[in-house]
Amino acid sequence: MTYIISAILLISLFFIATERQTNINKAAVAIFACTLGWVLYIGFGTDFVMSQHSADYTTFLDGVKPNSVAVKLYIAKNVILPYIGHAAEIVLFLLATMSIVNILYQNGCFDFLTLWIRTRNSRLLLWKLTAFSFFMSANLDNISTIVLMLTLTNMILRHTRDRMLYGSMVMIAVIFGGALTVIGDPTGLVLWNKGAITASNYTLSMAIPCLLAWAIPTVIVSFRMPETVDIEYRSMPYRGNDTNLKVWQRLIMFLVGVGGLWFIPTFHDITKLPPFLGALCVLSLLWIVNEIFNRTLITSDRQLPSSIAQKMQYNSVQQILYIIGVILALGVVTETGAMTWVGEQIDILVDNIWAIGAITALISILLDSFASCITMISLHDVSLTDPYFAVGGEYWKVLSFGTAVGGSILGIGSISGIVMMQMQGVTLKWYTRHIAPLTLLAGVIAFVFLCLQETVF
């Protein structure tokens, strides 16, 4: 049965990697794989439990004779619940950040961007868009950031080719901005919740590699651009039906929302509580401020959902379901003992964490970067003796950055890339020809720098 459950995971990973060809949503594939895997696991539960949890199961029975009902209850209460808890930590954090972005956008807190980034200087526009994308994705979830920034980009640019080029560069900035912090990308959240990394050490290690991976393609593209770009001078979005806040009120909400997210690592270090509680705390404070500032509109039911909020919500829900499916699917394979065996074989065959990181990056080019990273993460536990797998160890950092690099090379390896291609009409052929060589070059340089940085310094 271990082989069958492992085969289900491999088949599901194949369909996840070929989502654009099969047109089967990878979130649906992941959810189906995890459900089927756990049903098969519980059907042969006694064998798995006795091989993986025999001592704990004996304690659970407390002298009662083993039977099929008892083993199913043990699996439901003691085996699957920890994986549900791990998934819930990520999901609750993403729900909080998604809601924060929706509230901020609904109240016009990002409207100043439309005026700030507007310029006919093509290079200046590129740097403004990508710099703010990099900054925002380091503090918010990637999906909300990419939808927000591409919407603003399309409000300014007239021509499809310009939207394709600028959108691709925004995507690169979002991917590596998210890789910069523990709260910017789901893989960083997984590592942080696992206790494999600390917020400050992780950001310090990722700072220069992420900046290089974003800046190198941006510099090259900026030199290839003409001096000017054709832009549209649209008026500010009409918000008479959903908000009438003054500038100072919008500034307060922006500081509460984005500034509060900066405090989450400190909140976690002080309290040792899960990071999602800090995100929920920020959401609650922003919610209260929103209720106070928009009391009249709320009581009159005049606030209306915007199209960008609906796009964020739709994509974020898909990402959330996908994350749940992947974590639970890998969990059931782990419980069969297969992941432990795979980890041992990899350590024997590839006894170098940098080579493992490079291989994972290559896999992430076609397979979703989150699935690639979480699979490799599940092969090892945090170690107290081995420095490579200790808290803040090189293994965790190289996996996280390697999958970010892989996801950016063709775009299809990251959720942000897929969203960008859908919104901007970017084809894989166009991206491979114009952007992929730049992301590959920058990724290799940044990855080598990370290796030297962690090894030498």
Side-chain angles (χ1 to χ4, degrees), residues 82-107 109-110 133-149 174-175 177-203 206 252-292 308-309 311-324 326-327 370 373-374 400 415-416:
Y83 295 102
I84 294 175
H86 296 327
E89 287 183 318
I90 308 300
V91 166
L92 288 172
F93 192 97
L94 290 176
L95 282 173
T97 56
M98 177 190 71
S99 301
I100 288 170
V101 175
N102 283 343
I103 291 174
L104 292 176
Y105 183 83
Q106 196 73 23
N107 284 280
C109 297
F110 296 111
S133 300
F134 188 89
F135 167 78
M136 288 298 293
S137 63
N139 297 279
L140 303 174
D141 69 281
N142 287 1
I143 292 297
S144 297
T145 303
I146 193 72
V147 172
L148 172 66
M149 294 307 300
V174 167
I175 289 176
L180 178 64
T181 64
V182 294
I183 64 174
D185 187 83
T187 56
L189 278 173
V190 170
L191 290 170
W192 196 23
N193 289 325
K194 184 185 178 75
I197 57 176
T198 60
S200 56
N201 177 265
Y202 180 81
T203 298
M206 292 293 184
I252 288 176
M253 294 192 72
F254 185 85
L255 292 176
V256 171
V258 178
L261 292 175
W262 293 347
F263 184 71
I264 292 176
T266 304
F267 168 88
H268 175 68
D269 289 339
I270 294 174
T271 64
K272 305 305 178 185
L273 292 170
F276 76 84
L277 281 174
L280 290 176
C281 179
V282 175
L283 173 60
S284 65
L285 291 174
L286 183 61
W287 201 337
I288 292 171
V289 174
N290 180 56
E291 295 274 330
I292 294 172
I308 184 174
K311 286 180 182 178
M312 288 179 185
Q313 189 176 39
Y314 177 73
N315 286 292
S316 295
V317 167
Q318 287 193 73
Q319 183 186 26
I320 286 169
L321 291 173
Y322 174 67
I323 288 172
I324 292 173
V326 170
I327 291 178
F370 178 78
C373 191
I374 199 69
S400 179
I415 297 177
S416 299

| Heavy-atom closest contact (I146 atom, I143 atom, distance) | CG2-O, 3.2 Å
| field | Pairwise distance NE2(H86) to CD1(I323) - rounded to 0.5 angstrom | value | 14.5 Å
| request: Can you measure from OG (S284) to CD1 (I288) and round to the nearest 0.5 angstrom? | output: 5.5 Å
| Any side-chain heavy-atom pair from D185 and L189 closer than 4.5 angstrom? | no
| message | Tell me the closest heavy-atom pair linking S400 and T187, and the distance in Å. | response | OG-OG1, 3.9 Å
| request: Please report the closest heavy-atom contact between S133 and M149, naming both atoms and the distance. | output: OG-CG, 3.3 Å
| Any idea which heavy atoms bring G178 and N142 closest together, and the distance? | CA-OD1, 3.7 Å
| message | Could you tell me if the side chain of L95 sits less than 4.5 Å from the side chain of M98, heavy atoms only? | response | yes
| Is a side-chain N or O of H268 found less than 3.5 angstrom from the main chain of G278, in a donor-acceptor match? | no
| Main-chain N/O of L286 paired with N290 side-chain donor or acceptor, under 3.5 Å | no
| said: Quick check: do V282 and F263 have side-chain heavy atoms less than 4.5 Å from each other? | reply: no
| Are Y322 and I415 side-chain neighbours, meaning at least one heavy-atom pair lies under 4.5 Å? | yes
| query | Atom CD1 of I103 and atom CD of E291: how far apart are they, to the nearest 0.5 Å? | reply | 8.5 Å
| message | Just verifying a value: how many Å separate M253 CE and L285 CG, rounded to the nearest 0.5 Å? | response | 11.5 Å
| query | If every non-hydrogen atom of S416 is compared with every non-hydrogen atom of V174, which pair is closest and at what distance? | reply | OG-CG1, 3.9 Å
| request: In sequence, state the C-alpha distance, the side-chain angles, and the governing distance for I324 and V91, and then conclude on side-chain contact (heavy atoms from CB on, under 4.5 Å). | output: CA-CA 8 Å; I324 292 173; V91 166; 3.5 Å; yes
| task | Find the distance between CD1 (I327) and CD1 (I90) and round it off to the nearest 0.5 Å. | result | 5.5 Å
| Does any non-hydrogen side-chain atom of P265 lie less than 4.5 Å from one of W192? | yes
| Under 4.5 Å between any side-chain heavy atoms of F370 and V190, yes or no? | yes
| field | Sidechain-backbone polar pair: N139 side chain, F135 backbone, donor-acceptor under 3.5 Å | value | yes
| field | Heavy-atom side-chain contact between P275 and I183 under 4.5 Å | value | no
| request: Working to the nearest 0.5 Å, report the span between CD of E89 and CG of L94. | output: 12.0 Å
| field | Side-chain (T181) to main-chain (A138) donor-acceptor, under 3.5 angstrom | value | yes
| Steps toward side-chain contact (heavy atoms from CB on, under 4.5 Å) verdict (L277, T271) | CA-CA 10 Å; L277 281 174; T271 64; over 6 Å; no
| field | Pair Y105, S144: side-chain N/O donor-acceptor within cut-off below 3.5 Å | value | no
| Any side-chain heavy atom of F134 within less than 4.5 Å of one from L180? | yes
